[in-house]
Amino acid sequence: MNGIANLAGKIRVDVQWRDGVIQQVQLHSSRPREITRVLQAKPLTQALAMVPMIYSMCAVAQTVASLQAAESALGIEVKPEVAHARQLLVQAETARELGLRLSQYWLADTAQVVPLMQWFTGVSQELRWALDLNPRVSNPIEAQRISSELKTMLLPLVGMESELSRLLFGDASHTPIGEQLRDLQETFGDVELALGVLPLKVQQRADLEWIKGRLASDDAVEFSAMPDADGICFETGVWARNRESGLVVQGRAAGLNELTLRFLAMVSELQALPARMRSMEPHTALPTGDSGMGVVDAARGLLIHRIVLDGDSVSNCRVADYNIVAPTEWNFHPRGTLVQMLEGVQVNRERLHSLVEKLILLVDPCVAWEIEVGN
């Protein structure tokens, strides 16, 4: 593993289990807290080029967030076509990440995801022009075609949208998705998980102002590593986006447990992505002032970049300060969703490791992880 890869760190989940009950869950992260210091004092263009190399997981989303932050700091308003192209790229990356996760860890059939990976490579090349600072629009954006291609790529993985509701009632249990739903429900249907923490919602400029304030404060490094709002933890990502989707609502009404519902949310997200790509979603207004911010709803959740520049133009400015709050820091907070859902749960020893493992996969960290169980 090279030096850049080592920068990602790891999450260790320590589970204390006794007498059939999960007594305590502790999360330990080796993710470096001050890695963004390597960007400080660098010329802006160099710093922007370094971001996707440092953060290779979801590199498109990281690049878009860094560009948004820089453009915001410089007072640059990009054309709507640029914002749309970037949005398509992030959504394409989301499809790739979730498709890969579904096929590799749940369906155990990576061959099905190969066409999706090839499609993502093609879309990335086609829209690469949008990943420059305030770029010129070079080609028409064919969102309808890109969306149709994605729908075709996803068919082997999640099937037709009209068929998904049947999975709840067993009509399609012979399909890979149906079999996984059935197995989850049969294995963990009697395990009562808690609901977890509230979803993180950042929809208005005011929602970002308090985050911007925390990133400009003396405890910015601490906040980036363990973000909360006045001690309240939040969750972001697939579950936060889909917990009230039609499919999940149907599953809840059918009595599916929380673990199965989270799997259903991942399927629902993949199925809905082609339709989302056909229209440009409204963009959250970013705060203005002495720093710039970038906000991207990436595959694993809300990604936030903040940059302070020394200089007033692209050619002469350097990075004075840089902060990033990644989705994994929200979702794997020491008091966050994983801890809230698991502590106090009654489960026998034989199913304990599998239960924790599957919940981690569904909350979906962007780094390696391991589980240690103690009695």
Side-chain angles (χ1 to χ4, degrees), residues 55-62 64 87-124 146-161 163-164 167 175-181 184 199-200 235-248 251 259-278 281 296-303 326-328 330-332 337 357-369:
Y55 303 97
S56 57
M57 181 71 74
C58 291
V60 169
Q62 294 282 0
V64 171
Q87 197 171 87
L88 285 172
L89 283 165
V90 171
Q91 290 167 342
E93 185 175 64
T94 296
R96 182 199 66 179
E97 290 294 307
L98 296 183
L100 186 60
R101 178 72 74 181
L102 177 65
S103 62
Q104 183 176 1
Y105 290 100
W106 297 97
L107 306 184
D109 184 4
T110 54
Q112 290 193 43
V113 82
V114 171
L116 179 61
M117 303 289 282
Q118 294 171 336
W119 168 84
F120 172 75
T121 300
V123 173
S124 299
I146 293 172
S147 167
S148 297
E149 290 174 350
L150 176 59
K151 189 170 185 178
T152 301
M153 297 299 105
L154 291 176
L155 277 176
L157 286 173
V158 296
M160 296 291 293
E161 185 174 359
E163 297 174 349
L164 283 178
L167 300 179
T175 67
I177 294 292
E179 290 175 0
Q180 191 59 238
L181 283 168
L184 281 171
L200 178 67
E235 181 176 355
T236 183
V238 172
W239 177 247
R241 291 192 293 256
N242 294 276
R243 64 200 295 265
E244 299 300 332
S245 69
L247 201 60
V248 173
L259 197 66
T260 311
L261 289 176
R262 282 178 174 263
F263 177 80
L264 204 56
M266 177 174 58
V267 176
S268 180
E269 169 106 342
L270 275 167
Q271 190 64 66
L273 271 171
R276 283 171 53 193
M277 296 182 86
R278 287 196 289 270
E281 298 176 0
V296 174
D297 205 359
R300 291 169 175 82
L302 200 69
L303 172 65
T328 292
W330 293 104
N331 296 336
F332 287 84
T337 278
E357 177 186 48
K358 285 177 169 52
L359 186 55
I360 291 172
L361 285 169
L362 289 168
V363 180
D364 199 6
C366 64
V367 294
W369 50 270

Drop me the distance from [X]'s [atom1] to [Y]'s [atom2], to the nearest 0.5 angstrom.
{"X": "Leu100", "Y": "Leu116", "atom1": "CG", "atom2": "CG", "value": "8.5 Å"}
{"X": "Ile360", "Y": "Phe332", "atom1": "CD1", "atom2": "CZ", "value": "6.0 Å"}
{"X": "Leu98", "Y": "Glu93", "atom1": "CG", "atom2": "CD", "value": "10.5 Å"}
{"X": "Phe263", "Y": "Ile177", "atom1": "CZ", "atom2": "CD1", "value": "4.0 Å"}
{"X": "Leu273", "Y": "Arg96", "atom1": "CG", "atom2": "CZ", "value": "13.0 Å"}
{"X": "Met266", "Y": "Tyr105", "atom1": "CE", "atom2": "OH", "value": "12.0 Å"}

How close do [X] and [Y] get, counting heavy atoms only, and between which atoms?
{"X": "Arg300", "Y": "Pro365", "value": "NE-O, 3.3 Å"}
{"X": "Ser103", "Y": "Val113", "value": "OG-CB, 3.4 Å"}
{"X": "Leu150", "Y": "Ala95", "value": "CD1-CB, 3.7 Å"}

Using atom types as modelled and distance alone, determine if a side-chain donor or acceptor of [X] lies under 3.5 Å from a backbone N or O of [Y].
{"X": "Ser268", "Y": "Leu264", "answer": "no"}
{"X": "Ser245", "Y": "Asn242", "answer": "yes"}
{"X": "Gln62", "Y": "Tyr55", "answer": "no"}
{"X": "Ser147", "Y": "Pro274", "answer": "yes"}
{"X": "Asn331", "Y": "Thr236", "answer": "yes"}

Exercise for the section: Tell me, with the steps shown, if Gln180 and Trp106 meet side chain to side chain donor-acceptor pair (under 3.5 Å). Expected result: CA-CA 7 Å; Gln180 191 59 238; Trp106 297 97; over 6 Å; no
Problem - Selection residues 260-272 - residue pairs positive for salt bridge (charged side-chain N to carboxylate O under 4.0 Å, His left out), sequence neighbours left out - result: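 Residue pairs with at least one partner in residues 260-272: Glu235-Arg262, Arg241-Glu269, Glu269-Arg276.
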Practice task
Return each pair, listed once, that meets salt bridge (charged side-chain N to carboxylate O under 4.0 Å, His left out) where at least one residue sits in residues 101-111; pairs must be two or more places apart or across chains.
Solution key: Arg101-Asp364
Does any non-hydrogen side-chain atom of [Y] lie less than 4.5 Å from one of [X]?
{"X": "Val248", "Y": "Glu244", "result": "no"}
{"X": "Leu270", "Y": "Val267", "result": "no"}
{"X": "Met277", "Y": "Ile146", "result": "yes"}
{"X": "Leu102", "Y": "Leu107", "result": "yes"}
{"X": "Pro327", "Y": "Leu302", "result": "no"}
{"X": "Met153", "Y": "Phe120", "result": "no"}
{"X": "Thr337", "Y": "Trp330", "result": "no"}

Handout entry: Verdict with supporting geometry, Leu154 and Gln271, side chain to side chain contact (heavy atoms under 4.5 Å, CB included)
Key = CA-CA 8 Å; Leu154 291 176; Gln271 190 64 66; 6.0 Å; no
